[in-house]
Amino acid sequence: MDGELTLYTNVSSGAFGQEHKLRGADPVWKDATLLTSGQFSGHHEPRVVE
């Protein structure tokens with residue numbers, strides 16, 4: 001793990017889809033052991049929350 005944040009769109013059971021690099025490698029996240037995603041804002045459009 002290098003701490004890079006990547007979003008994959010058009011994901012299917014056979015492939016990750018298209019890769020979008022959102023943030024470059026960051027040593028702060030290098031040792032992360034848990035990452036989650038979800039709909040937390042109540043909006044019905046995709047968002048990345050930092």
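Residues take their numbers from the sequence shown, with the count starting at 1.
- The side-chain contact (heavy atoms from CB on, under 4.5 Å) check on Ser12 picks up Ala15, with sequence neighbours excluded.
- Of the N and O atoms on the side chains of His20 and Thr9, at least one donor lies less than 3.5 Å from an acceptor on the other residue.
- Legend: salt bridge (charged side-chain N to carboxylate O under 4.0 Å, His left out) pairs involving residues 10-22, not counting sequence neighbours, sorted by first then second residue: Glu4-Lys21.
- Summarising the geometry, atom CD belonging to Gln18 is positioned 9.5 Å from atom CG belonging to Leu7; distances are rounded to the nearest 0.5 Å.
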